[in-house]
J.: 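Mind looking over this structure? Questions follow.
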Amino acid sequence: MKIAVCIKQVPDTTELKIDPKTNSMIREGVASITNPFDEYAVEEALLLKEKHGGEVHVISMGPPQAVEVLKNALAVGADKVYLVSDKAFAGADTLATAYTLSKTIKTVVGDFDLVICGKQAIDGDTAQVGPGVATRLRIPQLTYVSKVREIDPEKKRIVVERLLENGREVVEASLPALLTVVKDINEPRLPSLLGIKKAAKAQIPTLTAKDIGAEENHIGSKGSPTWVTKIFSPEPRKGGGEILKGELSEVVPLLVDKLMETKFIK
Amino acid sequence: MPLNFDLTDQQQILRNMVRTFAEKEIAPIAQELDDKEEFSYALTKRMGELGLFGLFVSEEYGGGDLGYLFYIIAVEEIARVDGSQAATLAAGNSLGIAPIYYYGNESQKKEWLPVLCKGEALSSFGLTEPNAGSDAGASRTTANLEVDHWVINGSKIFISNSATDISKVCVVQAVTGKRADGRNELSCILVPNGTPGFTTQTMHGKMVWRSSNTGELYFTDCKVPKENLLGKRGDGLHQMLATLDAGRLSIAAMGLGGAQGAFELALKYAKRREQFGRPIASFQVNAFKFADMATEIEMARLLLYKACWLCEQHRPFSKEAAMAKMFCSEMYHRVANQAVQLHGGYGLMKEYAVERHYRNQKLLDIGEGTSEVQRIVIARHIGVPGRTL
C-alpha cells in the first residue's frame with residue numbers, strides 16, 4: 001500500500017503574534033514544530049504500513065527550513081520525504097496550496113492508495129487544505145477520522161469512524177481516498193536513535209513548481225483568490241455566565257431545563 | 001574553524017524526542033514517585049528503549065555511537081521535567097557505563113555494556129565512603145589479592161543506582177596496597193551485585209532525587225576473581241578523577257535543564273497569576289527576575305556546551321567541566337529560588353512542580369564534587385598555588 005502524508009511546519013506557540021501592518025504571523029524568534037495533527041497523520045500511515053506493508057511518502061510544502069519536519073518524519077520511520085519549495089509558491093492560500101500538494105502527490109507518489117493529512121494546521125486553523133487536495137485528486141474525502149475500522153487495499157475499500165460534534169459517524173469509501181485525522185486516532189511514536197541517524201544522513205529532495213508541472217496562475221499569490229484584510233485575536237467573551245445555587249437535587253433539573261431551552265441538549 | 005552555535009538536525013531531533021518523552025511519560029507521574037520515594041523500573045526501561053543509556057558508547061557494545069553533547073542534551077531535557085529520572089540516567093551513564101567503557105578490557109566490556117546500554121541493568125560507581133567524601137583518596141575499603149581472588153572489606157555510602165533489583169555490578173574503589181611514596185595504592189574492581197559478602201541497602205529519607213536509587217554498600221570478605229580488576233592495578237585514583245571530570249558535565253546538564261524547567265514554570269505562572277489587577281509578570285520587579293534568570297541560563301548553556309565541545313575534540317576540559325558544574329549547579333539554586341518566590345504560597349505546595357525543583361537543586365552543589373571542590377579544581381588550573389606547595 002502506498003500512502004502519501006502531507007505535513008506542515010508551524011510555529012511552536014499558542015500565543016501567536018500578528019504583524020498589524022502585513023497581517024501575517026511573526027515567525028522570528030519562534031521555534032518551529034510539525035503541526036501536531038500532522039504527527040497523527042504520519043503515525044497512522046506508519047501503523048497502516050506495519051499492518052499491510054507498503055511505503056510511506058511524506059510531503060511538506062514550505063520554505064527551505066521545513067526540511068526539519070521532514071527529517072523528523074524520517075526519524076520516526078517514513079520511507080521517503082519531499083520538500084516542495086519554490087519562491088513561486090509564496091503567498092499561497094489554501095486553494096493554491098491544495099493544488100500544489102495534489103500536483104506533488106501525482107508526480108512523486110503516482111499510484112497511491114491513501115493520502116493522510118492532519119485535520120487542520122494549528123496556525124491557520126482552516127481545515128481546508130486536506131479536502132482541497134482530495135477534490136483536485138478526484139478522490140473521496142473522509143474528514144475528522146478518529147479510527148480506521150477496516151481497510152482492504154485489494155478490494156479498494158476503507159471503513160472509518162468520523163468524530164463529529166454530535167457523535168461518531170461510520171463511513172465506507174472506495175480507495176484511493178484522502179483522510180484527515182483527529183488526535184484521538186493514535187499516539188504518535190517517538191523517533192528511534194537509528195531513525196535519527198538515518199534522518200541526519202538523508203539528502204532531502206526539493207521539488208520546484210517546474211518539477212511538479214504546476215501552472216503558474218494556480219500557484220503562489222497568483223493562484224490565491226483569498227485576500228487577508230485583517231487578522232486579530234478575538235476578545236474573550238465577557239459576562240453572560242450564571243451560577244445556580246442550592247441543593248444538588250434542585251439545581252440539576254434547573255440546569256437541564258436551561259440547557260434544553262437554549263437547545264444545547266434535546 | 002568558524003564559531004557555530006547551531007545544534008545539528010540530529011541533536012535537535014534527539015532533543016525534541018527526549019522532551020516529548022519527558023513531558024508525556026515522566027511529568028504525569030514524577031510527583032507521585034517522589035511522594036512515595038519510589039524508583040521507577042518502567043521509566044528506566046523506557047529510557048533504555050529510547051537509547052538514552054550509552055549514547056556515547058560505540059555501536060559494537062550496543063551504544064548509540066553519538067557524541068557526548070547528545071548525552072548532555074538528553075540529561076538536560078529529562079532534568080527540565082524531573083531531577084530523579086535525570087539522576088538515574090546521568091549516574092547510569094557517567095558513573096555506571098563510562099568507567100567500564102573507558103577502562104574495561106574487552107571481555108568486561110562485552111559482558112556488561114550491551115545489557116547496560118539497553119537500560120535492563122544498572123552499574124554503579126562505589127567511591128564515596130562514610131569518611132571519604134571530598135577527600136576521595138582517603139578510602140578505607142580494602143581489596144587484598146589472595147592467590148587468584150580479591151578479598152574486599154569495607155563500606156560505601158551515597159552510591160547512585162547501586163541497590164535496585166536491576167543493579168547488576170558495582171565498580172568499587174579500594175586500597176590494594178602501598179605505593180613507593182608511602183601513600184595508598186587505589187584500584188577499581190568490578191563486583192557483581194549478589195556476590196557473597198556484598199550487600200546493599202537503599203537509603204531512605206532523602207530531601208532530593210527521591211525517586212532515584214541511592215544505596216549503602218557493605219563488603220565482608222567478599223571474593224571476586226582477580227580478572228575483575230578494572231584497568232591496571234594502582235590506576236584507581238586516575239580512573240576516578242577522569243570519571244568525575246566527565247561526570248561533572250552531566251551534573252551541569254542537570255543544573256541547566258532543571259533551571260530551564262523552573263524558569264518556564266515560573267514564567268507561565270507569572271503571566272497568568274493576577275494581583276492588583278495585572279499579571280504579576282508585568283511588574284518590573286518580576287520582569288527583572290525573569291531577565292536575570294534567562295541571562296544566567298544562557299550563560300550556563302554556553303559554558304556547558306563549550307566544555308562538551310572540548311571533550312568531544314579530545315582536548316583538556318577538566319577546568320571547563322569544573323566551571324560548568326559549579327556554575328550550572330549554583331545557577332539552578334538561584335533560579336529555583338526565584339521560581340518559588342514568583343509562585344508565592346503555591347510554590348511551597350507539592351502540587352506545583354516548582355517545589356520539587358527547589359529541593360532537587362540542592363544536590364547539585366554537593367554531589368560529584370562540592371562547589372568548594374570545583375573551586376579548588378579551577379584554582380589549580382589557573383595557577384593559584386595549593387596547600388601542598
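Chain letters run A, B, ... following the sequence lines, proteins first, then strands; residues in each count from 1.
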J.: How about residues 195-207 of chain A versus chain B: which residues have heavy atoms under 4.5 Å apart?
T.: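 A/Ile196, A/Lys197, A/Ala199, A/Ala200 fall under the 4.5 Å cut-off.
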J.: Strictly less than 4.5 Å between heavy atoms, which residues of residues 73-96 of chain B line up against chain A? Please order them by number.
T.: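 If one takes a 4.5 Å heavy-atom cut-off, no residue of residues 73-96 of chain B lies near chain A.
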J.: Please find the pair of heavy atoms, one from A/Leu193 and one from B/Gly64, that lie closest to each other, and give the distance.
T.: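 Here A/Leu193 and B/Gly64 meet closest at CD1-CA, 3.9 Å.
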J.: Heavy atoms, side chains only, cut-off 4.5 Å: are A/Leu190 and B/Glu25 in contact?
T.: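 Side chain of A/Leu190 against side chain of B/Glu25, heavy atoms only: contact under 4.5 Å found.
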J.: Counting heavy-atom pairs under 4.5 Å with chain B, which one of A/Val67, A/Asn72, A/Leu194 comes out on top?
T.: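 Among A/Val67, A/Asn72, A/Leu194, the one with the most close pairs to chain B is A/Asn72.
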J.: Excluding sequence neighbours, so at least two apart, what forms side-chain hydrogen bond (donor to acceptor under 3.5 Å, both in side chains) with A/Lys49?
T.: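 In terms of side-chain hydrogen bond (donor to acceptor under 3.5 Å, both in side chains), with neighbours along the sequence ignored, A/Lys49 is linked to A/Asp79.
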J.: Quick one: what part of B/Glu59 sits under 4.5 Å from any heavy atom of chain A, side chain, backbone, both or neither?
T.: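 Interface part for B/Glu59: side chain.
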J.: Please tell me if the side chains of B/Lys24 and A/Glu187 come closer than 4.5 Å, counting only heavy atoms from C-beta onward.
T.: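 Touching, per the 4.5 Å side-chain cut-off.
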J.: Surrounding NZ of A/Lys2 (heavy atoms of other residues, nucleotides or ligands, distance under 6.0 Å), is the total greater than 12?
T.: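 Atom NZ in A/Lys2 is packed in, count exceeds 12.
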J.: Can you tell me how far CZ of A/Arg189 sits from OG1 of B/Thr20, rounded to the nearest 0.5 angstrom?
T.: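 Reported to 0.5 Å precision, the distance equals 14.5 Å.
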J.: Could you tell me which residues in residues 44-53 of chain B have at least one non-hydrogen atom under 4.5 Å from a non-hydrogen atom of chain A, sorted by residue number?
T.: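 Listed by number: B/Arg46, B/Leu50, B/Gly51.
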J.: Can you confirm whether more than 12 heavy atoms, excluding those of B/Phe283, are under 6.0 Å from its CZ atom?
T.: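 More than 12 heavy atoms, drawn from other residues, nucleotides or ligands, come within 6.0 Å of this atom.
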